[in-house]
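The structure is given below, and queries will be raised subsequently.
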Amino acid sequence: MSRAPHLTRALVLETPVIVKDGAGGFSKSWQVLGTLWGEIRAGTGRERFATLGPAGEVTLRILVRGAPHGSDQRPRPEQRFREGARIFRILAVAEADVQGRYLVCTAQEELPA
């Protein structure tokens, strides 16, 4: 990591919860685990083929303070960050430095339906 991150963005960490819908099925809702302060950096982009032709896809690098494995404050790939109306789906999590002071979360912003 070339510089210390600027953890100035309040990101709400959410985890999926499967809920019975009362009709024999299930639906997914999101449970808030807490707020982590982070920094969002541009990642890589690529082009993929979508239903209506080529579409761009950008991954982001979200840096947050380190947390031990098993902690509710350590993001996991099935979770997401929310910042206001923006949602960032977490794809992968790794230590950003040897000491484990920071985590880097590879994420993708979900566009509203």
Side-chain angles (χ1 to χ4, degrees):
M1 203 163 69
S2 59
R3 64 172 176 81
H6 298 287
L7 307 179
T8 58
R9 296 174 81 163
L11 303 169
V12 177
L13 180 62
E14 299 178 332
T15 194
V17 178
I18 303 301
V19 180
K20 292 182 181 180
D21 66 6
F26 298 91
S27 65
K28 180 166 60 171
S29 83
W30 294 92
Q31 177 184 352
V32 172
L33 295 177
T35 300
L36 303 179
W37 289 91
E39 175 184 273
I40 299 176
R41 296 181 184 174
T44 59
R46 70 182 178 106
E47 183 179 60
R48 65 176 175 77
F49 188 76
T51 306
L52 301 175
E57 191 172 87
V58 176
T59 56
L60 303 167
R61 293 171 40 102
I62 300 176
L63 290 109
V64 296
R65 291 205 187 282
H69 286 279
S71 168
D72 281 346
Q73 295 299 297
R74 185 182 178 97
R76 293 191 315 264
E78 70 273 8
Q79 297 174 337
R80 69 185 189 181
F81 287 116
R82 179 182 294 276
E83 182 184 40
R86 297 177 75 184
I87 296 172
F88 304 97
R89 183 170 42 99
I90 300 170
L91 305 173
V93 179
E95 279 77 17
D97 59 334
V98 177
Q99 296 83 11
R101 293 176 297 178
Y102 301 101
L103 298 172
V104 60
C105 303
T106 303
Q108 189 169 39
E109 186 168 6
E110 293 183 349
L111 299 176

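What's counted below: heavy atoms across the whole structure, side chains too, no hydrogens, waters or symmetry copies. All of these numbers come straight from a predicted model, not from anything done at the bench.
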Q: For residues Leu7 and Arg65, report the shortest heavy-atom separation together with the two atoms involved.
A: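 Smallest interatomic distance, heavy atoms only, reads CD1-CG, 3.6 Å.
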
Q.
When you group the ILVMFWY residues by side-chain heavy-atom contacts below 4.5 Å and let the links chain together, are Trp37 and Val12 in the same group?
A.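 No, it is not one cluster - the side chains of Val12 and Trp37 are not joined through contacts under 4.5 Å.
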
Q.
Minimum heavy-atom separation for Gln73 and Gly34, please, with both atom names.
A.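 For Gln73 and Gly34, the tightest heavy-atom pair comes out as NE2-CA, 4.3 Å.
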
Q. Between CG of Leu103 and CD of Glu95, what distance do you get to the nearest 0.5 Å?
A.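 So the CG of Leu103 and the CD of Glu95 are separated by 6.0 Å.
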
Q) Quick check: does any side chain N or O of Arg89 sit under 3.5 Å from a backbone N or O of Gln108, one acting as donor and the other as acceptor? A)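 No, the answer is negative, given that no donor and acceptor are paired below the 3.5 Å cut-off.
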
(Q) I need the minimum non-hydrogen distance between Gly38 and Leu11, along with the two atoms involved. (A)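 Shortest heavy-atom separation between Gly38 and Leu11 comes out as CA-CD1, 4.1 Å.
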
Q) What distance do Ser27 atom OG and Ile18 atom CD1 have between them, rounded to the nearest 0.5 Å? A)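 Rounded to the nearest 0.5 Å, the OG-CD1 separation comes out at 7.5 Å.
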
(Q) With heavy-atom distances below 4.5 Å as the criterion, would you say the side chains of Phe88 and Glu110 are in contact? (A)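 No. Closest side-chain heavy atoms not under 4.5 Å.
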
Q. Can you tell me how far NZ of Lys28 sits from CD of Glu78, rounded to the nearest 0.5 angstrom?
A.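 These two atoms lie 10.0 Å from each other.
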
(Q) Ignoring hydrogens, what is the shortest heavy-atom contact between Pro75 and Ile90? Give both atom names and the distance. (A)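 Looking at all heavy atoms of both residues, the shortest contact is CB-CD1, 3.8 Å.
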
Q.
Using only atom types and a distance under 3.5 Å, with no angle test, would you say the side chain of Gln31 pairs donor to acceptor with the backbone of Thr15?
A.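 No, the answer is negative, given that no donor and acceptor are paired below the 3.5 Å cut-off.
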
(Q) Once rounded to the nearest 0.5 Å, what's the spacing between atom CG of Leu36 and atom CD1 of Ile62? (A)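 Reported to 0.5 Å precision, the distance equals 10.0 Å.
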
Q.
Distance to the ring centre below 6.0 angstrom and angle to the axis at most 45 degrees; does that hold for Arg82 and Trp30?
A.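 The answer is no; the distance or angle limit is not met.
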
Q) Given the rule that I, L, V, M, F, W and Y join up when any side-chain heavy atoms are under 4.5 Å apart, are Leu60 and Ile87 in one cluster? A)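 Hydrophobic grouping puts Leu60 apart from Ile87.
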
(Q) Counting C-beta onward and ignoring hydrogens, is there a side-chain heavy-atom pair between Glu83 and Ile40 closer than 4.5 Å? (A)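 They are in contact (side-chain heavy atoms under 4.5 Å apart), so the answer is yes.
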
Q. Distance from Ser29 atom OG to Glu14 atom CD, nearest 0.5 Å?
A.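 One gets 9.5 Å once the value is rounded to the nearest 0.5 Å.
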
(Q) Testing the basics here: between Pro5 and Arg41, what is the closest heavy-atom pair and its distance to 0.1 Å? (A)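 The answer is CA-NH2, 4.0 Å.
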
(Q) Check for me, please, whether Leu33 and Phe81 land in the same ILVMFWY cluster - side-chain distances under 4.5 Å, paths through other members count. (A)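 Yes.
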
